[in-house]
Every structure is written in C-alpha cells, then in structure tokens.
Amino acid sequence: MDLKDKVAVVTGGSRGIGRAICIELGRLGAKVVVNYAGNVAAAQETARLVRETGAPEPVIMGFDVRDAAAVDRAFDEVKKLGLHVLVNNAGISKDGLLLRFKDEDWHQTLATNLFGAFACSRAGAKLMTKQRWGRIINISSVVGESGNAGQVAYAAAKAGMIGMTKTLAKELASRSITVNAVTPGFVETDMTAGLNDAQRKMILEEVPLGVAGSGADVANAVGFLATDRARYITGHVLSVNGGMYI
Ligand code: NAP
C-alpha cells in the first residue's frame with residue numbers, strides 16, 4: 001500500500017491504459033480520481049474495478065483536458081481532496097500523411113495530448129507545490145521518440161510531452177515533485193482497435209518481444225514511478241515497448 005493516504009488524478013481514466021493505471025494506483029492504496037471526456041459509463045466501470053482492489057472510494061470527474069478553464073475548475077474540486085499523483089494520460093491520435101493532413105486534426109491532436117497535459121500539470125503543480133511532494137507522470141509514446149510515418153501531429157505532441165517532462169522536472173524538483181514520462185509501444189486498446197490484421201502484424205514484426213503490450217504493463221511502470229521507490233528518479237523517459245525502440 002505504497003500510496004496509502006495519497007490522492008491520484010488520472011486523465012482519460014475511463015478506458016484503455018488509463019483504466020489500467022487507475023486500477024494499479026488503487027491497488028497501491030491511492031484514492032483515485034477517474035477523469036473522462038464523454039464516456040461516463042466507462043468511467044463508472046473503471047471506478048467499479050478500482051473499488052474491487054480495496055482502494056478508498058474513487059471519484060469520477062468529467063472534464064475536457066483541452067479546456068483550461070474546465071481543468072482549473074476540476075482542480076479546485078481536487079484541492080479539497082489533496083493531490084499527490086497526476087497522470088497525464090488522456091490522448092487521441094489523428095493519423096494521416098503530411099501532404100493531406102488537415103489543420104483541424106493537427107490542432108485537436110496537440111490540444112488533447114500536449115496542451116491537456118500542460119494545463120493539468122499547471123493546475124496540479126500548484127497544489128503539489130504547497131505540500132512539497134508530488135508525482136507527475138506523462139503518458140507519451142514510442143512514436144514521440146522514434147517518429148512514425150503517418151503520425152505527424154501525434155508524434156510531435158508526444159515528443160513535446162518529453163520536452164515538457166524534462167523542463168518541469170527541473171522546475172519542480174526543489175519542491176520534491178518528480179516529473180517523468182512513460183512511452184508505451186503497441187498496446188491493444190480502443191485507440192489501436194482500428195488497425196487491420198495486416199497492420200497489426202507489421203507493427204508486431206517491429207517488436208522484438210513479439211507481442212503487444214497490455215495496459216497493465218504500462219500501469220506497472222506508472223505505479224513504480226508514483227511511489228517513494230522512485231523518489232530519486234526525475235526527468236526520465238521510461239520505455240514500455242517490448243524493445244520496439246531502443
Ligand atoms: P483510448 O483507449 O482511446 O482512451 C483514451 C482515453 O482518453 C479515454 O479515457 C478518453 O475519455 C480520454 N480522452 C480523450 N480525449 C480527452 C479529453 N479531451 N479530455 C479528457 N479525456 C480525454 O486510448 P489508450 O490507448 O488507452 O491511450 C492512453 C494514452 O496512452 C494516450 O495518451 C495515448 O496516446 C497513449 N499511448 C497509447 C498507445 C497504444 O498503443 N494504445 C501507445 C502509446 C501511447 P472518454 O472515455 O470519455 O472518451
């Protein structure tokens with residue numbers, strides 16, 4: 001119960017990797033705030049699974065990470081609980097080759113993955129700074145490290161998250177707030193459900209371990225970074241990618 005008496009906010013906690021992170025942080029004893037954008041039923045299912053771990057009663061909070069005012073209002077509510085761990089996990093992927101890529105898809109991808117993580121970090125760090133302890137964990141992607149044809153906006157956003165991670169690690173260290181990034185490789189979730197068998201096979205050929213990752217694989221890394229076992233690790237990018245990018 002390394003996170004007993006700690007409060008953890010997970011953006012995009014309703015589905016996929018975010019749900020697995022909520023469950024793992026709950027298993028570690030945290031009171032989990034499950035954020036979602038539109039899918040309240042999925043957030044409720046996450047909360048049910050968190051409860052099953054024996055964690056304190058989870059809180060469900062709907063807000064759009066692209067909307068700074070909504071983020072600030074949500075963190076005003078979080079303030080009443082206290083905040084120790086923030087996982088910036090909410091993300092979308094709009095894919096397409098450069099020459100046909102639409103401005104709107106660029107803006108939406110950057111707004112959700114990068115601005116969302118910035119807005120939540122700003123609001124969350126205010127609360128953590130006062131208590132002089134905190135963990136910010138940004139869910140970036142292997143694609144932010146390696147690049148990927150057809151993912152110009154997503155790769156830029158995820159690479160941006162790595163730059164932001166290293167900068168905030170330096171800014172917030174004096175308050176004992178660590179800031180790290182986790183870069184998952186290929187994980188089977190709704191985000192990757194649109195891939196056909198041929199695309200899936202092609203991706204797995206790039207994975208030395210030969211299998212897709214699970215949400216739990218990512219959540220285990222996040223859980224480690226959230227606890228005091230990782231107290232001397234900051235500004236780090238932890239790959240959870242089966243060797244896809246080394
Ligand atoms: P997913 O299954 O599509 O789930 C996305 C989550 O983000 C949902 O909970 C969704 O909420 C939430 N979300 C989307 N837009 C939001 C917004 N504007 N405000 C608040 N929440 C929002 O995705 P996933 O595969 O679990 O991915 C989670 C993270 O891991 C993302 O940052 C993704 O880029 C990263 N990642 C994924 C993979 C992979 O292979 N799957 C690989 C590397 C990195 P609703 O349920 O309400 O829609």
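Whatever order the structure lists them in is the order used to number ligands and atoms, beginning at 1.
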Going by heavy atoms in the side chains, are [X] and [Y] under 4.5 Å from each other?
X      : Y      : value
Arg73  : Phe63  : no
Gln151 : Thr109 : no
Arg135 : Leu225 : no
Leu25  : Val87  : yes

At a 4.0 angstrom heavy-atom cut-off, what protein residues surround ligand 1? Gly12, Ser14, Arg15, Gly16, Ile17, Asn35, Tyr36, Ala37, Gly38, Asn39, Phe63, Asp64, Val65, Arg66, Asn89, Ala90, Gly91, Ile92, Thr112, Asn113, Ile139, Ser140, Ser141, Tyr154, Lys158, Pro184, Gly185, Phe186, Val187, Thr189, Asp190, Met191, Thr192
Qualifying residue for side chain to side chain contact (heavy atoms under 4.5 Å, CB included) with Trp133, from Asp228, Thr178, Ile177: Asp228
Can you name the closest pair of heavy atoms from Val65 and Thr112 and give their distance? CG2-O, 3.7 Å
